[in-house]
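What follows is a single structure, written as structure tokens, with notes after it.
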Amino acid sequence: ADNQPRLSAFFALK
Amino acid sequence: MLELRLVQGGLLKKVLDSLKDLVNDANFDCSATGFSLQAMDSSHVALVALLLRSEGFEHYRCDRNLSLGMNLSNMAKMLKCAGNDDIVTIKADDAADSVTFMFESPNQDKIADFDMKLMDIDSEHLGIPEAEFQAIVRMPSAEFARICKDLSTIGDTVVISVTKEGVKFSTRGDIGTANIVCRHNTSVDKPEEATIIEMEETVSLTFALRYMNSFTKATPLANQVTISLSSDLPVVVEYKVAEMGHIRFYLAPKIEE
């Protein structure tokens with residue numbers, strides 16, 4: 001759904 | 001050369017049962033610290049981080065850091081063949097294309113080995129910083145599982161709100177609404193029955209119940225679950241794995257419509 005962000009919106013890729 | 005001997009082999013069975021519905025394939029990373037895994041679900045909304053510290057194994061040999069790519073449902077199939085009381089040993093050579101699971105019955109009268117093919121997995125590791133949370137709720141894991149299961153029969157999302165009144169789990173759906181409040185309660189017979197709410201600030205976040213229900217597959221691992229919440233950050237749902245580690249699930253909150 002549009003209102004479900006992914007985790008990459010919060011944590012950076014290592 | 002990798003050789004990890006776990007006397008409580010049943011723990012590994014429970015760990016796999018709690019991962020396999022969320023993640024299909026994952027790299028298990030072996031180092032001097034322990035046996036660990038970080039993997040996201042296919043939609044990259046939820047993440048699981050497992051750590052089993054080396055000290056928790058009866059024997060832990062890991063000559064160099066090794067990453068073992070495994071299909072979790074196949075690994076779970078193999079571990080299902082171990083008895084709950086069996087001692088489980090995981091073995092792999094440095095350049096191996098397979099991993100061996102050895103199961104020994106407690107009285108050593110049955111020894112089995114299962115060899116599973118490894119796979120190359122491109123996995124993305126996220127850097128998860130240590131965070132201060134606005135609220136931390138510790139509660140019986142079975143109670144949390146019951147709440148998630150019950151609410152998912154009514155709605156698709158849960159609003160978790162922590163105030164000085166307690167922690168409130170709310171949902172709404174076509175048939176109506178539901179609210180379940182759990183209060184801070186330490187006057188219980190056993191410590192594992194306690195609900196402990198530490199709150200710095202009130203917090204309220206919305207999550208997809210489908211993922212929460214998937215996380216509760218880890219309930220058999222621990223009597224208590226810890227839910228850590230901060231505004232605009234993924235929730236952390238943590239289950240301890242005996243005295244040797246933890247399994248942490250991260251879930252991105254939904255954006256309020």
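Just so it is clear: chains get the letters A, B, ... in the order the sequence lines come, proteins before strands, and each one is counted from 1. Keep in mind the model is a prediction, meaning the values are calculated, not measured.
- Residues A/Pro5 and B/Pro253 approach most closely at CD-O, 3.2 Å, considering heavy atoms.
- Heavy-atom neighbours of B/Asp232 CG from other residues, nucleotides or ligands within 6.0 Å: at or below the threshold of 12.
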Candidate pair B/Tyr250 and A/Phe10, rule side-chain contact (heavy atoms from CB on, under 4.5 Å), full reasoning: CA-CA 11 Å; B/Tyr250 296 80; A/Phe10 304 92; over 6 Å; no
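- Heavy-atom neighbours of B/Asp63 CG from other residues, nucleotides or ligands within 6.0 Å: above the threshold of 12.
- The number of heavy-atom neighbours closer than 6.0 Å to CG of B/Asp122, taken from other residues, nucleotides and ligands shown, is 12 or below.
- For the residue pair B/Pro129 and A/Phe11, the shortest heavy atom distance occurs at CD-CD2, 3.9 Å.
- Interface with chain A: from residues 35-54 of chain B, residues B/Met40, B/Ser43, B/His44, B/Val45, B/Ala46, B/Leu47 qualify, criterion being any non-hydrogen pair under 4.5 Å.
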